[in-house]
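Report on the structure given below.
The structure displayed is predicted, hence computed values, not measured ones.
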Amino acid sequence: MPPNSLKREFYDTSCIELARKLLGTILVRQLEDGQRITAKIVETECYPGADDKASHSFDGKKTRRNGAMFMKPGTAYVYNIYGIYQCFNITSNGRYVLVPIA
């Protein structure tokens with residue numbers, strides 16, 4: 001793990017707190033050819049999972065599509081909605097933070 005990587009404990013917090021902590025964080029992807037791609041998180045949305053009717057896991061519903069959100073805090077996953085949009089999420093104790101991407 002690179003020295004500046006966030007540790008698992010960073011994500012093991014409430015959804016609201018994680019959404020706040022992620023603001024300003026720089027995401028880095030190192031490609032096989034050595035190229036680095038970076039992006040700064042400038043917006044987040046907190047979805048408290050089972051308690052939130054807007055959440056794709058409302059009422060504890062676990063499906064193949066949303067199974068990642070039930071994994072360890074800090075699990076990142078992307079899912080498609082409406083057949084045209086991709087949503088990037090990061091898990092937080094059975095809940096998730098949506099990071100809008102342009």
Side-chain angles (χ1 to χ4, degrees):
M1 182 178 290
N4 294 329
S5 295
L6 299 173
K7 308 295 184 255
R8 181 77 58 189
E9 296 79 25
F10 175 88
Y11 304 97
D12 195 8
T13 187
S14 74
C15 179
I16 293 171
E17 182 62 25
L18 180 58
R20 289 180 183 140
K21 288 169 43 174
L22 285 169
L23 290 172
T25 299
I26 305 293
L27 300 175
V28 179
R29 170 79 190 268
Q30 182 87 30
L31 302 179
E32 289 182 13
D33 66 1
Q35 181 183 3
R36 285 176 37 148
I37 300 170
T38 62
K40 184 177 184 177
I41 297 176
V42 297
E43 180 182 352
T44 58
E45 297 176 17
C46 173
Y47 288 89
D51 305 327
D52 185 352
K53 291 181 181 179
S55 172
H56 62 279
S57 65
F58 175 66
D59 207 20
K61 181 180 176 185
K62 185 176 180 182
T63 66
R64 190 173 60 128
R65 181 177 170 221
N66 71 3
M69 77 166 297
F70 295 94
M71 294 179 178
K72 292 180 183 176
T75 300
Y77 67 102
V78 176
Y79 73 96
N80 294 316
I81 59 170
Y82 310 125
I84 55 173
Y85 299 110
Q86 294 180 323
C87 295
F88 174 69
N89 298 284
I90 302 172
T91 61
S92 170
N93 293 318
R95 290 152 172 79
Y96 66 96
V97 174
L98 169 68
V99 180
I101 44 182

Next on the checklist: With a 3.5 Å distance limit and no angle check, can you tell me whether T91 reaches the backbone of T75 through a side-chain donor-acceptor pair?
Outcome noted: yes

Checklist entry - Taking atom NZ of K53 and atom CG of D59, what is their separation to the nearest 0.5 Å? => result 10.0 Å

Next on the checklist: Could you see if L18 belongs to whatever hydrophobic cluster contains M71? Use Ile, Leu, Val, Met, Phe, Trp, Tyr and a side-chain cutoff under 4.5 Å.
Outcome noted: no

Checklist entry - What do you reckon, is CG of L27 surrounded by more than 12 foreign heavy atoms closer than 6.0 Å? => result yes

Checklist outcome for this item: Residues Q86 and V78: closest non-hydrogen pair is CB-CG1, 3.8 Å

Item to check | Nearest heavy atoms of Y47 and R95, plus distance in Å | outcome: O-CB, 3.5 Å

Next on the checklist: Within this structure, what is the OH-CZ distance for the pair Y77 and F88, rounded to the nearest 0.5 Å?
Outcome noted: 10.5 Å

Checklist entry - Which atoms form the tightest heavy-atom contact between Y96 and C15, and what is the distance? => result O-SG, 3.2 Å

Checklist outcome for this item: For I90 and L22, the nearest pair of non-hydrogen atoms, with its separation, is CD1-CD1, 3.9 Å

Checklist entry - Do the side chain of T38 and the main chain of V28 share a donor and acceptor less than 3.5 angstrom apart? => result no

Item to check | Under 3.5 Å: donor-acceptor pair, side chain of S92, backbone of P73 | outcome: no

Checklist entry - When rounded to the nearest 0.5 angstrom, what is the spacing between OG in S14 and NZ in K21? => result 8.5 Å

Checklist entry - Can you name the nearest heavy-atom pair linking T44 to V99, along with the distance? => result CG2-CG2, 4.5 Å

Next on the checklist: With clusters defined by side-chain heavy atoms of hydrophobic residues (ILVMFWY) lying less than 4.5 Å apart, directly or transitively, does L23 cluster with I26?
Outcome noted: no

